[in-house]
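First up is the structure itself, then whatever we jot down about it.
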There are 2 protein chains.
Amino acid sequence: MNYSKQRETVLQTLRENVVHPTAEYIYDIMRKTDKSVSLATLYRNLNQLTEAGKIKKIEGLENSAHYDHNIHEHYHFICTECKRVFDIPADVAGDIVKNTEEKTGFVIQSHDVIFHGLCNDCKK
Amino acid sequence: MNYSKQRETVLQTLRENVVHPTAEYIYDIMRKTDKSVSLATLYRNLNQLTEAGKIKKIEGLENSAHYDHNIHEHYHFICTECKRVFDIPADVAGDIVKNTEEKTGFVIQSHDVIFHGLCNDCKK
DNA sequence: GCCAAACTTGACAATAATTCTCAAATATAA
DNA sequence: TTATATTTGAGAATTATTGTCAAGTTTGGC
């Protein structure tokens with residue numbers, strides 16, 4: 001993977017935005033400083049960075065994928081009211097991988113947990 | 001929700017197919033007995049049945065959604081090799097909901113767990 | 001520094017999954 | 001058995017994402 005200014009910007013945009021943005025959101029931000037960046041370039045870079053394990057793609061939320069600069073094991077919570085995405089520490093799930101491997105015999109390469117519900121701001 | 005023959009067929013097709021089919025798969029089966037059923041009707045009914053809690057939509061697998069007639073709490077495992085979707089009992093995750101609610105204060109309405117890895121046939 | 005090979009880009013066409021629109025058909029309740 | 005509400009089929013429309021390709025950029029060896 002060669003260096004590219006655009007890819008650097010994608011990664012930095014993700015790191016600077018605590019939210020878990022969609023491609024569209026990142027695109028809007030990138031266009032502010034680079035009027036000519038292309039959507040294809042963005043998607044290409046998001047895929048490459050995901051492939052390289054530098055970022056994580058979060059699927060299963062609404063229609064479009066979200067991206068996460070935090071690649072440590074953790075889960076996600078999406079508020080059904082305000083649609084914000086929150087991080088959930090992985091230890092809430094106990095020995096989920098070990099338990100599942102023992103019960104099934106399958107080899108687990110990765111797993112994702114997504115919660116839906118009301119965040120503290122919206123539950124009132 | 002009024003009665004409709006097509007919706008009945010959607011539900012029955014899902015129940016008779018132990019796999020976790022996509023809309024496309026269900027569509028192919030329905031076309032065998034009803035040459036004139038429309039894709040829009042299928043998607044409408046899948047959404048209505050999901051809304052009504054009679055089936056469950058599984059997102060986050062490949063590009064298209066899968067549907068599940070089993071609405072009891074359970075998780076899914078997708079084999080990265082053969083792409084089949086397996087059911088995983090919910091007890092592998094311990095008190096995941098209680099733990100998460102206690103740790104965050106959020107109200108959890110639902111949660112999904114998706115594993116990726118190799119099934120017993122493919123791990124050899 | 002200069003060059004060739006490999007990689008990346010922007011523009012935009014193409015695709016895939018799903019949703020929308022609307023007139024015609026069907027179901028329901030009185 | 002009729003009026004009202006719901007559902008359908010057909011196909012156009014939409015949305016997110018990927019593919020194509022010529023032009024621009026990066027890199028490692030000289």
Side-chain angles (χ1 to χ4, degrees), chain A residues 1-14 19-68 76 78 83 85 112 114, chain B residues 1-14 19-68 76 78 83 85 112 114:
Chain A
M1 194 171 5
N2 279 356
Y3 171 85
S4 108
K5 195 162 71 114
Q6 288 89 334
R7 182 156 45 239
E8 207 52 39
T9 310
V10 172
L11 195 50
Q12 209 168 323
T13 305
L14 255 177
V19 297
H20 301 74
T22 57
E24 198 193 357
Y25 185 98
I26 300 170
Y27 185 61
D28 289 345
I29 291 185
M30 287 183 75
R31 297 280 289 194
K32 286 183 184 158
T33 50
D34 177 359
K35 225 36 189 148
S36 79
V37 72
S38 140
L39 249 184
T41 299
L42 173 55
Y43 275 106
R44 260 189 311 250
N45 281 317
L46 286 171
N47 286 340
Q48 286 173 173
L49 290 166
T50 301
E51 194 70 20
K54 291 184 199 269
I55 65 175
K56 215 172 162 321
K57 185 176 183 177
I58 318 175
E59 302 186 87
L61 308 182
E62 308 134 57
N63 312 304
S64 30
H66 291 236
Y67 294 87
D68 196 340
H76 294 104
I78 180 165
K83 310 295 180 195
V85 180
D112 296 293
I114 295 195
Chain B
M1 192 170 7
N2 279 356
Y3 171 86
S4 108
K5 195 162 71 113
Q6 288 88 335
R7 181 156 47 237
E8 207 52 39
T9 310
V10 171
L11 195 50
Q12 210 168 322
T13 304
L14 254 177
V19 297
H20 301 74
T22 57
E24 198 192 357
Y25 185 98
I26 300 171
Y27 185 61
D28 288 346
I29 291 184
M30 287 184 75
R31 296 280 290 195
K32 288 185 184 158
T33 51
D34 178 358
K35 225 35 189 150
S36 79
V37 73
S38 140
L39 251 184
T41 299
L42 173 55
Y43 275 107
R44 259 189 312 249
N45 281 316
L46 286 171
N47 286 339
Q48 287 174 171
L49 289 166
T50 302
E51 193 70 20
K54 290 184 201 267
I55 65 175
K56 215 171 161 325
K57 186 176 184 176
I58 318 175
E59 302 187 89
L61 310 181
E62 308 135 57
N63 312 304
S64 31
H66 291 238
Y67 294 87
D68 196 339
H76 294 103
I78 181 164
K83 309 296 180 196
V85 180
D112 296 293
I114 294 196

Check nucleotides 23-28 of chain C against the protein and report each pair of N or O atoms closer than 3.5 Å, with its distance, or say if there are none.
{"residue": "C:dT28", "atom": "OP1", "partner": "B:Tyr3", "partner atom": "N", "Å": "3.2"}

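To the nearest angstrom, C1' of C:dA16 lies 15 Å from OH of B:Tyr27. A straight line from CD of A:Gln48 to P of D:dT26 spans 15 Å, rounded to a whole angstrom. When the C1' atom of D:dG11 is taken as reference, atom CG of B:Leu42 falls 16 Å away, rounded to whole Å. Summarising the geometry, the separation between CG on B:Leu46 and C1' on D:dT8 is reported as 15 Å, rounded to the nearest angstrom. One atom, OH of B:Tyr43, and another, C1' of D:dG9, lie 16 Å apart when rounded to the nearest Å. As rounded to whole Å, 10 Å separates atom C1' of C:dT9 from atom CG of A:Asp34. Rounded to whole Å, the distance from CG on A:Leu39 to P on D:dG19 is 15 Å. Atom NE2 of B:His66 is separated from atom C1' of C:dA16 by 14 Å (rounded to the nearest Å).
Note on A:Thr41: a base of the nucleic acid sits closer than 4.0 angstrom, heavy atoms only. Nucleic acid contact class of B:Glu59 (heavy atoms, under 4.0 Å, all strands): none. Counting any heavy atom pair closer than 4.0 Å across all strands shown, A:Gln6 reaches sugar-phosphate atoms only and no base atom.
Mapping B:Ser64 and B:Ala40 onto DNA chain C by nearest heavy atom places B:Ser64 at the nucleotide closer to the 5' end.
Checked by atom type and distance alone, the side chain of B:Arg7 pairs as donor or acceptor with a backbone atom of B:Asn2 at under 3.5 Å. Within the 3.5 Å criterion, the main-chain N or O of B:His66 finds no donor-acceptor partner in the side chain of B:His20.
A heavy-atom distance below 4.5 Å is not found between the side chains of B:Leu46 and B:Lys57. Residues B:Ile114 and A:Glu59 form no side-chain contact, since every pair of their non-hydrogen atoms from C-beta on lies 4.5 Å or further apart. Inter-residue side-chain proximity for B:Leu49 and B:Tyr67 is flagged as unmet; no heavy-atom pair is nearer than 4.5 Å. Proximity of B:Asp112 to B:Ile58: side-chain heavy atoms (C-beta onward) are nowhere separated by under 4.5 Å. Two residues are said to be in side-chain contact when any heavy atoms from C-beta on lie closer than 4.5 Å; A:Tyr27 and A:Val37 meet this criterion.
Phosphate proximity of C:dT19 to B:Asn47: present, with a side-chain N or O under 4.0 Å from OP1 or OP2. Listed pair A:Asn63 / C:dT18 fails the phosphate criterion, with no side-chain N or O lying under 4.0 Å from OP1 or OP2.
Not a single donor-acceptor pair, N or O on each side, falls under 3.5 Å between the base of D:dG19 and the side chain of A:Arg44.
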